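Worksheet: the structure to be examined is printed underneath.
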Amino acid sequence: MSEAGRSLLEASRATVLPTYARADVTIVRGEGCRVWDDEGSSYLDFVGGIAVVGLGHLHPAVTAAAHAQLDRLWHASNLYWTEPMLRLAGLLSERMGGAQAFFCNSGAEANEAALKVARKATGRTRIVALEGGFHGRTLGALSATGQPGKWEGFGPLVPGVSFARPNDVESLEAAVAPASELATILLEPVLGEGGVLPLEAEFVRSAAEIAREVGALLTVDEVQAGLGRTGTFFAYEQLGIEPDLVTLAKGLGNGLPIGALLAREGVAEAIGPGDHGSTFGGNPVASAAACAVVEAIDDALLENVAARGKQLATGLSELGAVREVRGRGLLLAGVLDGDAGAVVEACRERGLLVVTAGPDVLRLLPPLVVSEAEVEEALAVLREVLS
Ligand code: PLP
């Protein structure tokens with residue numbers, strides 16, 4: 001860290017609420033799959049803002065779209081229409097068979113919206129989510145997050161939430177009862193924060209069937225797994241289901257804050273003016289960037305995700321210290337015998353950014369545009385650190 005950076009950090013560290021255990025690195029610039037710190041050291045970025053910078057830092061089309069919108073209009077309030085928001089809704093609706101969009105600013109907010117719409121549309125209150133699942137830190141989303149450690153000190157939580165074990169249909173059936181009060185089953189196609197655990201297609205199809213049979217909705221949280229990260233625009237496309245509600249955020253603005261709830265026809269009608277809102281939701285600059293993101297997720301990009309994902313998974317599986325490789329596309333993890341946090345630090349010292357997803361899970365989330373040479377470069381660092 002530079003001297004100026006160090007003195008700014010020392011002067012101001014105590015003014016930031018310590019919700020994160022941050023590394024003492026100040027990132028000042030990014031381009032493609034690399035970022036630079038304030039001393040000019042570069043890092044190969046296999047965190048990507050935790051599955052946010054899908055198209056790489058400073059992607060030309062996204063940057064140009066945001067710049068152009070910055071010079072036209074920053075904000076108008078949702079009392080009026082804006083062009084970028086309308087265009088984005090149209091693009092997302094095309095991708096999800098005529099769905100209607102509600103825009104917000106984050107993944108947690110998108111899930112809050114989903115829970116409210118599910119309750120309003122069904123007239124029921126109960127929610128079934130998965131053990132280990134993660135849906136955000138606001139009270140509703142936290143209540144549906146199956147990680148009890150994250151609840152401590154924040155109760156009472158929203159009542160009416162039950163949890164089932166991932167990939168265990170019997171456990172799901174048990175959690176659903178009494179089904180007559182069930183509003184929604186909420187799941188991530190790949191449990192990201194919960195250890196990069198992919199759901200099996202059979203389990204997800206059972207969840208969809210159970211929801212349909214009992215008159216509840218199926219909500220798929222694609223905040224981490226969506227927008228091309230697993231090799232298809234929506235991760236659910238690989239699982240043979242058609243969800244009622246889908247949430248997006250992270251990669252949608254490639255780094256500008258924006259989230260979305262998509263509600264299919266037949267559910268969307270439950271919502272009217274005044275039922276929900278967000279001052280910044282659908283912000284013109286974030287929406288303009290998001291339009292460019294959605295347009296950039298084409299067959300060529302998805303083919304790169306598949307090819308680079310395979311390369312990375314194969315390389316990981318050849319490392320002796322990796323017990324298991326998990327994930328889909330470029331949402332990947334290696335389960336280690338030891339502490340993944342120490343590996344994150346050792347990689348950073350060698351110019352590679354990676355992140356954990358649990359004490360022994362090393363998570364890799366490179367931009368979807370990552371090249372063959374960059375994957376090889378990351379594997380070379382991992383080989384050195386893990387040997
Ligand atoms: N849902 C999933 C699957 C996530 O991975 C996350 C964040 O990691 C969230 C929701 C919460 O998103 P945000 O931090 O934007 O509120």
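Both ligands and their constituent atoms are indexed starting at 1 by order of listing. Predicted model, so just to flag it, every value in this text is computed and none were measured. Numbers for residues simply follow the sequence, beginning at 1.
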TODO: Give the numbers and elements of all ligand 1 atoms closer than 4.0 Å to a heavy atom of N111.
DONE: 1 (N), 10 (C)
- [ ] Please identify which atoms of ligand 1 are closer than 4.0 Å to at least one heavy atom of A108.
- [x] 11 (C), 12 (O), 13 (P), 16 (O)
Open item on the list: For the backbone of R126 and the side chain of E181, can you confirm whether one donor and one acceptor N or O come within less than 3.5 Å of each other?
Closed with: no
- [ ] Specify the protein heavy atom at minimum distance from atom 5 (O) of ligand 1: its residue, its atom name, and the distance to 0.1 Å.
- [x] Q224 NE2, 2.8 Å
- [ ] For R137 and ligand 1, answer yes if some heavy atom of the residue is under 4.0 Å from a ligand atom, otherwise no.
- [x] no
- [ ] Inspect the contact between R6 and E10 and indicate whether a charged nitrogen and a carboxylate oxygen are less than 4.0 angstrom apart.
- [x] yes
TODO: Could you list the atoms of ligand 1 found under 4.0 angstrom from a heavy atom of E188?
DONE: 3 (C)
- [ ] Would you verify that at least one protein heavy atom lies under 4.0 Å from atom 16 (O) of ligand 1, or report that none does?
- [x] yes
Open item on the list: Would you say S106 and E109 are linked by a side-chain donor-acceptor pair, where the criterion is simply a distance under 3.5 Å?
Closed with: yes
Task: Numbered atoms of ligand 1 (with element) below 4.0 Å of E193, judged on heavy atoms - done: 8 (O)
Task: Member of V161, L115, I127, T138 meeting the side chain to side chain contact (heavy atoms under 4.5 Å, CB included) criterion with S143 - done: V161
- [ ] Check each atom of ligand 1 against the heavy atoms of S106 and keep those under 4.0 Å away; list them by number with element.
- [x] 15 (O), 16 (O)
Task: Note: R323-D360 ion pair, threshold 4.0 Å (strictly below) - done: yes
- [ ] Give a yes or no on whether a salt bridge exists between R13 and D24, defined as a side-chain N under 4.0 angstrom from a carboxylate O.
- [x] yes
Task: Shortest protein heavy-atom distance from atom 1 (N) of ligand 1, along with the residue and atom involved - done: D221 OD2, 2.7 Å
Task: Which residue and heavy atom of the protein sit nearest atom 13 (P) of ligand 1, plus the separation - done: G107 N, 3.5 Å
Task: Backbone of A110 reached by a side-chain donor or acceptor of T247 within 3.5 Å - done: no
Open item on the list: Suppose I only count heavy atoms of K250 and a 4.0 Å limit; which atoms of ligand 1 are within that range?
Closed with: 5 (O), 6 (C), 7 (C), 8 (O)
- [ ] Check the side chains of E193 and Q224 for a donor-acceptor pair under 3.5 angstrom, ignoring hydrogens and angles.
- [x] yes
